[in-house]
Amino acid sequence: MSITQFTMEEVRCFAGKQTLEIRPLTFLVGENSTGKTTALACFHIFANFLCGKGVDFNEKSSISHPYSMGTFREIVRNSKNKEKVFKLGFTSGLTKEKIEWIGEFTEREGRTEPTVSSTSVKFHDGEIVFQIGDEQHTGMQLVTFNQKENIYKLVCDADIFNRYTLQRHLDILDDFSIKSTSLLDGSSEGKMALGKYLAEHSNDKRNKQEPWDLWSSLHIFSSSPIRSKPERTYDPMKEISDPEGSSIPMLLRRLETSRKKEWEALKEQLVEFGNKSGLFQDIKIKNFGNSSGGPFQMQFKVRGPTTNVMDVGYGVSQILPILVQVLYTSIFQSSQRKEILNSYFLLQQPEIHLHPRAQAEFSSLLVKLANQGKQSFIIETHSDYLIDRARIEIRKGTIKPEDVSLIYFESKGNIVNVHNIGFDKMANMMGVPKHFRKFFIIESKRLMGFKE
């Protein structure tokens with residue numbers, strides 16, 4: 001099961017409902033300030049909510065994600081509508097079953113940040129809606145149902161709503177609605193209808209899992225557009241994963257000293273990329289002293305002798321945190337025999353400080369990892385080299401054209417429209433809007449001496 005679409009409705013510069021086609025390899029392109037980072041932020045935040053991690057549009061510690069979106073009024077679109085709401089949604093697929101997960105966000109009295117007012121789960125033949133009730137509501141109650149159209153609306157008190165994820169809501173209903181427990185109030189007829197409806201969707205015989213199990217097996221990581229600065233010597237400190245990658249040197253040191261097999265596996269892949277991209281030929285951790293708490297250095301062989309990370313090109317230290325995150329995830333799962341069914345990496349401008357050759361090779365690396373089926377990548381980029389290399393990989397047959405998506409954010413006044421561009425087997429673009437790459441065409445004509 002995977003995410004196939006992401007939708008935003010009435011968010012900042014996006015008027016109405018905008019749909020992004022999500023594939024194992026998805027590129028977000030467009031001019032500055034057209035909402036690409038907003039899309040990444042909303043994707044991460046809504047996924048966190050569905051995974052049971054709460055809703056936080058302004059993560060203070062930046063451990064979880066590098067986004068700070070402001071107040072509800074700064075996020076919801078500035079329109080003439082009196083009732084201000086915005087919506088986020090995912091479409092997920094499991095064999096033939098497609099499920100749409102939608103969250104509605106409003107401004108609650110006494111709070112400035114967005115709060116979830118309702119969530120809904122849409123199957124191909126019906127819908128289940130969960131809404132937060134007022135202070136008089138307790139527990140969970142089935143308030144209305146339409147058995148013919150399979151539309152069921154439940155009201156939950158805030159404690160129930162916040163305590164359980166949307167997936168857990170469905171699990172609870174699937175377990176208890178037929179049994180008429182006190183957890184779910186409502187008419188016996190309605191609860192029996194709801195229980196029967198859920199039972200029809202609860203088991204996928206081929207995969208032996210619930211169609212809503214996606215959110216219990218999802219891993220989301222976002223990188224910051226600016227990564228941490230390199231240091232000549234590192235002093236071990238608390239190792240906490242963050243978008244800037246400041247913990248990566250400590251992780252590498254820990255692997256090198258105490259988890260040799262994982263270190264060798266990761267180092268092999270890092271060096272392979274380093275050679276293909278021309279960034280470096282080898283990587284080494286130099287420890288000072290025998291103590292695990294002693295200082296250490298990261299050293300790279302580029303040309304000639306091994307050199308401190310401070311003395312090589314800045315591109316090495318800026319791409320290293322992303323490389324380690326995307327490569328180590330699969331290595332760790334394999335060594336620990338743990339299965340994360342879906343990992344999504346949201347990467348902001350990974351091409352920063354990279355030579356075009358390195359940009360292109362990084363795209364090939366993402367193609368390779370996406371083909372393994374466990375990792376998906378959504379990349380905000382201004383690099384033609386990343387996209388062109390992905391198209392070359394399509395032509396070579398390395399990746400299927402339907403596994404690559406190019407999403408163009410087009411600004412028209414104060415509104416941004418999203419265009420989903422696909423590829424055929426020869427990597428030709430399909431569904432290209434009229435003004436896509438207009439600037440580059442004009443610049444080429446000017447270079448050749450044509451008048452504008």
Side-chain angles (χ1 to χ4, degrees), residues 59-66 219 221-336 338 345 347-355 358 361-362 365:
E59 178 66 46
K60 301 299 188 296
S61 64
S62 294
I63 293 174
S64 176
H65 57 72
H219 168 70
F221 174 81
S222 287
S223 74
S224 170
I226 301 176
R227 268 71 78 183
S228 62
K229 294 181 180 179
E231 298 181 20
R232 190 164 298 279
T233 301
Y234 292 90
D235 293 315
M237 57 183 180
K238 191 173 182 180
E239 185 184 311
I240 300 177
S241 179
D242 62 62
E244 291 79 24
S246 61
S247 66
I248 293 302
M250 272 59 70
L251 170 63
L252 295 179
R253 195 279 181 91
R254 178 169 60 84
L255 294 178
E256 191 269 343
T257 56
S258 62
R259 304 174 78 161
K260 294 291 186 181
K261 288 185 178 180
E262 291 182 23
W263 163 248
E264 292 299 330
L266 177 58
K267 179 181 177 180
E268 181 181 356
Q269 295 188 48
L270 289 172
V271 171
E272 180 183 357
F273 173 80
N275 280 290
K276 288 182 177 180
S277 63
L279 285 173
F280 55 88
Q281 299 174 12
D282 197 9
I283 179 174
K284 177 183 177 182
I285 304 297
K286 182 177 181 180
N287 296 297
F288 296 95
N290 298 321
S291 170
S292 61
F296 66 95
Q297 291 183 351
M298 283 201 307
Q299 299 183 344
F300 292 83
K301 179 179 175 60
V302 180
R303 299 175 189 86
T306 302
T307 308
N308 190 284
V309 66
M310 287 283 290
D311 301 320
V312 300
Y314 205 59
V316 173
S317 64
Q318 292 301 288
I319 194 61
L320 186 64
I322 295 178
L323 285 175
V324 173
Q325 287 287 352
V326 301
L327 290 172
Y328 183 58
T329 296
S330 59
I331 293 173
F332 177 76
Q333 291 181 57
S334 176
S335 65
Q336 299 296 311
K338 291 183 178 180
F345 294 88
L347 309 179
Q348 294 187 65
Q349 300 179 47
E351 71 271 13
I352 289 178
H353 295 290
L354 291 186
H355 182 273
E361 286 300 331
F362 183 68
L365 175 62

[X] and [Y]: which non-hydrogen atoms are nearest, and at how many Å?
| X | Y | result |
| --- | --- | --- |
| Gln348 | Pro66 | NE2-CG, 3.8 Å |
| Asn287 | Glu256 | ND2-OE1, 3.3 Å |
| Pro225 | Ile352 | O-CD1, 2.9 Å |
| Phe280 | Val271 | CE1-CA, 4.1 Å |
| Pro249 | Ser246 | CD-O, 3.5 Å |

Donor-acceptor under 3.5 Å ([X] side chain, [Y] main chain):
| X | Y | value |
| --- | --- | --- |
| Ser223 | Pro243 | no |
| Asp311 | Thr307 | no |
| Glu244 | Arg227 | no |
| Ser317 | Tyr314 | yes |

For the residue pair [X] and [Y], establish whether any side-chain heavy-atom pair is separated by less than 4.5 Å.
| X | Y | answer |
| --- | --- | --- |
| Leu270 | Leu323 | yes |
| Phe296 | Thr233 | no |
| Tyr234 | Pro295 | no |
| Tyr328 | Leu251 | yes |
| Leu327 | Leu365 | yes |

For this session: Give me the ring orientation class for Phe345 and His219: parallel if the planes are under 30° apart, tilted from 30 to 60°, perpendicular past 60°.
Result: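 Rings of Phe345 and His219: perpendicular, as their planes differ by over 60°.
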Exercise. Taking 4.0 angstrom as the limit, do Glu264 and Lys260 come out as a salt bridge?
Worked result: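 So Glu264 does not pair with Lys260 through a salt bridge.
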Problem set entry | Residue list, side chain to side chain donor-acceptor pair (under 3.5 Å) with Gln269, at least two apart or on another chain |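 Counting only residues at least two positions away or on another chain, Gln269 forms no side chain to side chain donor-acceptor pair (under 3.5 Å).
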Problem set entry | Glu272, His355, Glu361 screened by side-chain contact (heavy atoms from CB on, under 4.5 Å) with Ser277, the one that passes |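 Result: among Glu272, His355, Glu361, Glu361 is the only option passing the side-chain contact (heavy atoms from CB on, under 4.5 Å) with Ser277.
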For the [atom1] atom of [X] and the [atom2] atom of [Y], what is their distance to the nearest 0.5 Å?
| X | Y | atom1 | atom2 | value |
| --- | --- | --- | --- | --- |
| Arg232 | Gln297 | CZ | CD | 7.5 Å |
| Leu279 | Phe273 | CG | CZ | 5.5 Å |
| Arg253 | Met298 | CZ | CE | 12.5 Å |
| Ile322 | Leu320 | CD1 | CG | 10.0 Å |
| Leu252 | Ile283 | CG | CD1 | 5.5 Å |
| Gln318 | Gln349 | CD | CD | 11.5 Å |

For this session: Please determine, by modelled atom types, if Gln299 and Thr306 share a side-chain donor-acceptor pair under 3.5 angstrom.
Result: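 Looking only at side-chain atoms, Thr306 and Gln299 do not form any donor-acceptor pair under 3.5 Å.
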Exercise. Does any pair with a residue in residues 278-299 pass salt bridge (charged side-chain N to carboxylate O under 4.0 Å, His left out), and if so which ones, sequence neighbours excluded?
Worked result: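 Sorted result for residues 278-299: Lys267-Asp282.
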Problem set entry | Gln281 atom CD, neighbour heavy-atom count above 12 within 6.0 Å |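 Buried by this count: over 12 neighbours within 6.0 Å.
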Exercise. So does Lys276 have more than 12 non-hydrogen atoms from other groups sitting under 6.0 Å from NZ?
Worked result: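 Atom NZ in Lys276 is not crowded, with 12 or fewer foreign heavy atoms closer than 6.0 Å.
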Problem set entry | Pair Phe221-Thr329, side-chain contact (heavy atoms from CB on, under 4.5 Å): steps then yes or no | CA-CA 11 Å; Phe221 174 81; Thr329 296; over 6 Å; no
